[in-house]
Amino acid sequence: MTGSETIPDRVTATDAAIELIRKLKSIHGPVMFHQSGGCCDGSAPMCFPDGEFKTGDQDVLLGEIEGSPFFIGRAQFEYWQHTQLIIDVVNGRGGMFSLEGPEGKRFLTRSRIFSDDEWAILKKAEEEKPIIPASRI
C-alpha cells in the first residue's frame, strides 16, 4: 500500500449525529455503539455508556465515531462488509435502551457500497491488520 492511499472508514457519522454524540457524552460520559441486528430494535445503532453493553466473540469493532467505539455483530458484519455505515440522526424515538431516546432523537444507519478502489485498499489494509472478535481487543 502506498502512503497516498487513504483507508476508507467502515463507519462514519453525519454532522447531526456527531452533535448528538457530543451532547450524550456531556451528559453520560464516554459512550459506545452497537449495531443491533436483533428483532426488537431492528437494525438500529444503539448507544450505551461505554462498557455497559458486553461484547464478545460474536461482535467486531468496526471503528469509532466521535471517539466512541462502534461494534457490530459478526454475522451482520459479514452481510454488510461491502458497505460503509453512515450513522445519522432523525427525530423520533429509537430503541428503548439507547441513550438518545430521551432527547427525542434516534440514531439511524444509512449506508453506501464501497467503490472498487476503496474495497481493494480496505481489503489490503485488513490483510495486514485483520478485523478480530471484540473479546480479543
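Summarising the geometry, atom OG belonging to S115 is positioned 10.0 Å from atom CD belonging to Q84; distances are rounded to the nearest 0.5 Å. Interatomic distance, CD1 of I18 versus CD1 of I87, reported as 11.0 Å (0.5 Å rounding). Summarising the geometry, atom NE2 belonging to H28 is positioned 13.0 Å from atom CG belonging to D50; distances are rounded to the nearest 0.5 Å. Rounding to the nearest 0.5 angstrom, the gap separating the CD1 atom in I72 from the CD1 atom in I131 is 9.5 Å. Atom CG of D117 is separated from atom CG of L122 by 12.5 Å, given to the nearest 0.5 angstrom. Note that the CZ atom of F71 and the OG1 atom of T55 stand 4.5 Å from one another [nearest 0.5 Å].
Counting heavy atoms from C-beta outward, V60 and I132 have side chains that stay 4.5 Å or more apart. The closest side-chain heavy-atom distance from Q81 to W119 is below 4.5 Å. Considering only heavy atoms from C-beta on, F70 stays 4.5 Å or farther from H34 through its side chain. For the pair P49 and V31, the minimum side-chain heavy-atom distance is 4.5 Å or more. The shortest distance between side-chain heavy atoms of S68 and M32 does not fall below 4.5 Å.
Hydrophobic clustering, with ILVMFWY side chains joined whenever heavy atoms are under 4.5 angstrom apart, keeps L108 apart from M46. One hydrophobic cluster, built from ILVMFWY side chains closer than 4.5 Å, cannot hold both I86 and L62; they sit in different ones.
Ring pair H82/F114: centre-to-centre distance not below 6.0 Å.
Between K23 and S26, the shortest heavy-atom distance links the atoms O-OG, 2.6 Å. I113 and T83 make their closest contact through CG1-CG2, 4.0 Å (heavy atoms, listed as atom of the first residue, atom of the second, distance). Closest heavy-atom contact between I121 and I7: CG2-CA, 3.9 Å. Contact detail for V89 and T14: the closest heavy-atom pair is N-OG1, 4.3 Å. A16 approaches D88 most closely through the heavy-atom pair CB-OD1, 4.3 Å.
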Using the rule given for side chain to side chain donor-acceptor pair (under 3.5 Å), can you reason through T109 versus Q35, listing the C-alpha separation, both sets of side-chain angles and the distance that settles it, and then say yes or no? CA-CA 8 Å; T109 300; Q35 179 65 46; 2.8 Å; yes
Does L24 form a side chain to side chain contact (heavy atoms under 4.5 Å, CB included) with E66? I'd like the steps, not just the answer. CA-CA 11 Å; L24 294 173; E66 193 56 27; over 6 Å; no
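Between K123 and E126 there is a salt bridge, with a side-chain nitrogen of the basic residue lying less than 4.0 Å from a carboxylate oxygen of the acidic one. Under 4.0 Å is where a charged nitrogen must lie from a carboxylate oxygen, and between R106 and E100 no such pair does. Using a 4.0 Å cut-off between charged side-chain N and carboxylate O, K105 and E19 make no salt bridge.
Ring planes of F33 and F107: perpendicular class, angle over 60° (limits at 30 and 60°).
With hydrogens and angles ignored, the 3.5 Å screen pairs a side-chain donor or acceptor of S98 with a backbone N or O of C47.
For the salt bridge (Lys or Arg N to Asp or Glu O under 4.0 Å) test, no residue two or more places apart in sequence or in another chain qualifies with R74.
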